[in-house]
Protein chains: 4
Amino acid sequence: MTDPSSPAAPPARRKRVRLAPEVRRHQILDAALDAFGEFGFAGTSMHRIARGVGLSKAGLYAHFASKDEIFEALLTDHMLAPPLDVAWASDEDQSIEALVDGFLDRCYTDRHTPRVLATFRLLIAESGRVPDFVRRWHATVIAPHKAARDAVIHQAVAAGRLPRNGLTENFDLAMAPALMAMMSLLVLTGPQAEAQAAAFRAAHREILLILLDKERGCRR
Amino acid sequence: MTDPSSPAAPPARRKRVRLAPEVRRHQILDAALDAFGEFGFAGTSMHRIARGVGLSKAGLYAHFASKDEIFEALLTDHMLAPPLDVAWASDEDQSIEALVDGFLDRCYTDRHTPRVLATFRLLIAESGRVPDFVRRWHATVIAPHKAARDAVIHQAVAAGRLPRNGLTENFDLAMAPALMAMMSLLVLTGPQAEAQAAAFRAAHREILLILLDKERGCRR
Amino acid sequence: MTDPSSPAAPPARRKRVRLAPEVRRHQILDAALDAFGEFGFAGTSMHRIARGVGLSKAGLYAHFASKDEIFEALLTDHMLAPPLDVAWASDEDQSIEALVDGFLDRCYTDRHTPRVLATFRLLIAESGRVPDFVRRWHATVIAPHKAARDAVIHQAVAAGRLPRNGLTENFDLAMAPALMAMMSLLVLTGPQAEAQAAAFRAAHREILLILLDKERGCRR
Amino acid sequence: MTDPSSPAAPPARRKRVRLAPEVRRHQILDAALDAFGEFGFAGTSMHRIARGVGLSKAGLYAHFASKDEIFEALLTDHMLAPPLDVAWASDEDQSIEALVDGFLDRCYTDRHTPRVLATFRLLIAESGRVPDFVRRWHATVIAPHKAARDAVIHQAVAAGRLPRNGLTENFDLAMAPALMAMMSLLVLTGPQAEAQAAAFRAAHREILLILLDKERGCRR
DNA sequence: AATGAATGAGTTTTCATTCAT
DNA sequence: AATGAATGAAAACTCATTCAT
């Protein structure tokens with residue numbers, strides 16, 4: 001079928017393709033993320049990753065010294081990007097509604113892609129494998145990001161633009177509902193999970209508007 | 001020498017112990033949860049589980065037909081228990097504060113045990129392995145539980161004891177901050193994560209009190 | 001051909017045979033010595049050893065944790081036996097001729113077996129792999145043996161039964177020609193080498209008789 | 001930065017060097033001898049040889065068609081050189097002492113170099129790989145050399161300058177003690193082996209002087 | 001002549017599982 | 001019920017070799 005010229009043709013293997021190292025590296029990490037995200041580190045074989053790239057097993061080793069190295073490169077590439085922005089309004093012009101909507105876009109639209117979900121599942125499932133990496137990541141990526149964001153929020157609170165309450169003092173929690181939606185997507189899959197996530201988003205919006213409202217969101 | 005009862009005892013290996021099937025079964029599931037939770041399904045060998053029980057590998061097969069069967073039995077045992085109570089006050093006697101504190105106890109104290117964390121990690125990591133199981137679990141455990149709880153909440157809203165807002169209409173979100181704390185515990189480990197969780201709990205309390213307050217938590 | 005009873009019979013695998021650990025261990029070491037001696041350590045695959053024993057590859061690992069462990073067990077078993085006797089006549093009754101002939105028997109007849117040759121080749125080829133082992137072996141086996149033998153020889157020299165010369169002061173050299181014959185056997189193989197060894201033995205005898213003769217073997 | 005000549009030089013890897021074929025060939029054989037001598041044929045990878053020459057693996061194939069070819073070229077180059085001279089006194093002027101000392105120099109000083117030891121180990125370890133080669137080598141190199149030397153010795157015996165005995169009739173044995181010293185160096189390494197070799201040489205000298213002495217070395 | 005990416009066959013080792021006791 | 005020797009399949013990784021540049 002594929003090769004009518006010779007009746008009993010062997011597997012008809014593709015010509016050897018040679019690509020630039022960076023390109024291959026990227027392909028490999030992509031395939032690895034897909035596989036690790038789906039089957040976990042231990043459940044993913046080098047064979048599967050190789051197949052995903054259209055390369056032989058041995059070919060992987062021209063670019064990475066070991067499965068572990070692929071794993072670490074993956075985490076490094078994907079997690080050293082700042083996880084969330086710092087856009088909580090240094091300018092007063094935007095309404096709370098607009099700010100919240102921007103935030104929700106970043107929480108849901110940007111973060112509910114297969115790629116991000118896979119990374120997230122990997123983080124949960126395999127963090128025990130690389131505790132040092134996680135610690136470093138937290139210290140160099142998460143903590144600074146949090147500090148920057150907290151500064152902005154505290155300033156807005158001080159300026160009276162936001163109320164002082166449990167949320168504005170622990171602003172991580174602002175994305176807790178989105179995290180819950182991610183969990184649904186991870187565990188459930190399918191339209192059921194999508195619907196769930198959409199409902200969460202709407203409720204999330206309403207909750208944030210209450211908690212960030214200067215009148216309603218105040219302590220008592 | 002060490003054992004005068006047997007003159008030339010060889011390696012002095014532990015006597016074969018025969019236990020009642022249910023006892024062994026339970027031991028095995030315990031050991032399996034520990035191992036699966038730490039290393040994932042694929043990363044856990046039958047040898048490790050067997051060692052955890054003090055049994056030989058082959059001994060496991062007297063109780064379970066396969067590794068998969070252990071896994072499914074584990075999920076069944078651990079997840080078919082209702083995950084959270086339905087105590088949101090059909091009686092008016094309790095103050096909101098008391099109800100919230102009870103809820104937080106169930107969210108944090110009860111759910112941040114190693115056992116629950118392991119189950120949770122397992123759920124995230126391996127849900128792709130057993131989609132049917134997850135669907136069934138959701139349909140038979142989660143959904144009914146949610147329905148029951150929603151009924152209670154809606155009733156309280158109708159009675160005017162709780163405001164109508166995004167939270168009371170999606171009451172799952174009430175535990176979103178606790179979920180976030182679990183994530184910290186799963187990924188970070190150590191006192192850092194514990195401190196984080198404690199801070200979350202305090203903020204969580206305050207947020208719930210705002211959102212469930214008839215005055216502050218109302219829509220606009 | 002081999003199995004006319006079933007035309008397209010599968011490999012017709014032998015029933016699983018279970019042997020006592022010591023028996024298997026021994027079989028494995030035997031097969032390993034054959035293979036290592038012929039192909040060297042690196043040139044021998046676990047598959048070949050397994051085939052030599054009639055066991056599956058994985059079966060080897062029930063008895064040895066690794067290829068290296070097989071190697072070391074082999075050396076230990078084969079080399080910790082004293083390599084040569086200590087029979088150089090404290091009694092005066094035996095003639096020099098009788099002593100020399102006994103010595104030559106031990107040097108040629110006993111030591112030119114395939115087994116000993118294989119061990120010897122292994123020692124030369126792979127001593128670099130296990131320098132510590134070799135050092136230990138030399139210290140615990142060779143050196144003590146040499147010391148005991150030297151004591152006997154020196155005593156005979158002191159008693160005037162043997163001359164004092166380069167040989168009686170470095171009695172290792174007494175077997176140098178036999179070593180040379182071993183080399184021939186190792187390198188050449190075949191009847192050519194056998195003939196060589198026989199000629200060496202005859203000359204060896206004559207040389208020893210000269211050098212151990214009180215008159216002719218004396219210093220000048 | 002480290003290399004101001006090229007502003008944005010990447011990994012700064014060594015320039016491709018092109019050498020005359022014979023030079024490279026020689027370099028490769030040198031590196032191969034080192035590696036084969038230390039790790040054996042099977043234990044030596046093309047990568048290691050290539051690294052030893054400062055060449056890429058593929059580069060080796062510009063000079064040799066295969067690993068086996070390198071091995072055979074190595075043996076050919078190193079072993080087709082006559083292994084030992086033929087200087088046993090056609091002239092009567094030299095004393096036995098002088099002749100023996102010259103012989104010992106050739107046996108010890110010349111032959112206990114790392115290069116010769118590596119070749120020797122290789123011969124022992126891998127002779128089974130290339131039996132035809134060894135046979136050819138023996139027939140074309142060793143046997144003629146031996147014949148020439150035997151002629152000289154026999155002539156000296158006939159002329160009465162040397163006694164007729166086991167040694168002069170099997171003159172290979174004259175270097176047996178040196179061979180034994182080589183074995184020590186191969187197996188033991190370190191100063192221990194050096195000392196051993198030195199002691200052997202002194203005793204060797206004395207033994208030869210006895211055996212080649214017309215009076216003492218005679219048959220009875 | 002030289003390279004580095006690519007490969008198929010092979011390496012050692014592990015694993016889930018079976019079987020005879 | 002329990003064991004430990006045994007197994008086929010598959011894992012990670014290596015290697016001699018090839019090919020496009």
Side-chain angles (χ1 to χ4, degrees), chain A residues 11 13-21 23-24 42-50 54-68, chain B residues 13-21 23-24 42 44-50 54-63 65-68 70, chain C residues 11 13-21 23-24 42-50 54-68, chain D residues 13-21 24 42 44-50 54-68 70:
Chain A
R13 80 180 74 104
R14 253 180 340 113
K15 265 292 276 294
R16 193 189 277 222
V17 179
R18 182 190 183 141
L19 295 179
V23 176
R24 272 287 192 235
T44 297
S45 70
M46 292 298 265
H47 176 67
R48 184 188 294 275
I49 298 176
L55 206 56
S56 70
K57 251 184 306 171
L60 297 180
Y61 289 88
H63 301 276
F64 294 94
S66 68
K67 194 180 168 187
D68 279 88
Chain B
R13 85 178 69 109
R14 224 153 27 78
K15 264 298 276 295
R16 187 188 281 222
V17 180
R18 183 179 187 138
L19 294 180
V23 177
R24 274 286 194 231
T44 296
S45 70
M46 291 297 265
H47 177 69
R48 186 187 293 276
I49 299 176
L55 207 56
S56 73
K57 250 187 305 173
L60 298 179
Y61 288 85
H63 301 275
S66 69
K67 194 181 171 187
D68 280 271
I70 296 181
Chain C
R13 80 179 74 104
R14 254 180 337 114
K15 266 291 276 294
R16 193 188 277 221
V17 180
R18 182 189 182 142
L19 295 180
V23 177
R24 272 286 192 236
T44 296
S45 69
M46 292 297 266
H47 177 68
R48 185 189 293 276
I49 299 176
L55 206 57
S56 70
K57 254 182 303 170
L60 297 179
Y61 288 86
H63 302 275
F64 294 94
S66 68
K67 195 179 169 186
D68 279 270
Chain D
R13 83 177 70 107
R14 222 153 28 77
K15 262 300 275 292
R16 188 189 279 223
V17 179
R18 185 181 186 135
L19 294 180
R24 276 286 193 230
T44 296
S45 69
M46 292 297 265
H47 176 69
R48 186 188 293 275
I49 300 176
L55 207 57
S56 73
K57 252 187 306 174
L60 297 179
Y61 288 85
H63 301 275
F64 295 93
S66 69
K67 193 180 170 187
D68 280 272
I70 295 182

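Please read these numbers as outputs of a predicted model, since none were measured by experiment. To find a chain, count down the sequence lines: A is the first, B the second, and so on, and within it residues start at 1.
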> Closest nucleotide of DNA chain E for A/Ser56 versus for D/Ser56: which of these residues is on the 5' side?
Replying inline: D/Ser56
>> Could you tell me how far apart C/Phe64 (CZ) and F/dA6 (C1') are, to the nearest whole angstrom?
In response: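 In whole Å, F/dA6 C1' and C/Phe64 CZ are 16 Å from each other.
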> What integer distance in Å separates A/Leu60:CG from F/dA11:C1'?
Replying inline: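 Rounded to the whole Å, the gap is 14 Å.
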> Which residues pass the side chain to side chain donor-acceptor pair (under 3.5 Å) test with C/Arg24, sequence neighbours left out?
Replying inline: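 For C/Arg24 the side chain to side chain donor-acceptor pair (under 3.5 Å) partners, ignoring immediate neighbours, are C/Gln27.
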> Under 4.0 angstrom, heavy atoms only, what part of the nucleic acid is B/Pro21 near: base, sugar-phosphate, or nothing?
Replying inline: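 Here B/Pro21 touches no strand at all.
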> Reading nucleotides 15-21 of chain E 5' to 3', which nucleotides get B (base under 4.0 Å from a protein heavy atom), which S (sugar-phosphate only), which -?
Replying inline: BBBBBB-
> Between F/dA6, E/dA6, F/dA1, which nucleotide has the shortest distance from any of its atoms to the side chain of B/His63?
Replying inline: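 The closest nucleotide is F/dA1.
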> Does A/Arg24 have a side-chain nitrogen or oxygen under 4.0 Å from the phosphate oxygens OP1 or OP2 of E/dG4?
Replying inline: no
Cut-off 3.5 Å, no hydrogens considered: what does the side-chain donor-acceptor table look like for residues 60-68 of chain A, sequence neighbours left out?
from: A/Ser66; atom 1: OG; to: A/Asp68; atom 2: N; distance (Å): 3.4
from: A/Ser66; atom 1: OG; to: A/Glu69; atom 2: N; distance (Å): 3.1
from: A/Lys67; atom 1: NZ; to: A/Phe41; atom 2: O; distance (Å): 2.9
from: A/Lys67; atom 1: NZ; to: A/Thr44; atom 2: O; distance (Å): 2.8
from: A/Asp68; atom 1: OD2; to: A/Arg129; atom 2: NH2; distance (Å): 3.0

> Looking at residues at least two apart in the chain, or sitting in another chain, which of them share a side chain to side chain contact (heavy atoms under 4.5 Å, CB included) with B/Ser56?
Replying inline: B/Ala58
> Mind pulling the stems DNA chain E is in, i.e. runs of at least three Watson-Crick or G-U pairs, everything under 3.5 Å?
Replying inline: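 Ordered by first number, the stems with DNA chain E (at least 3 consecutive pairs each) read E:2-21 with F:2-21.
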>> To the nearest 0.5 Å, what is the distance between NZ on A/Lys57 and OG on A/Ser45?
In response: 8.0 Å
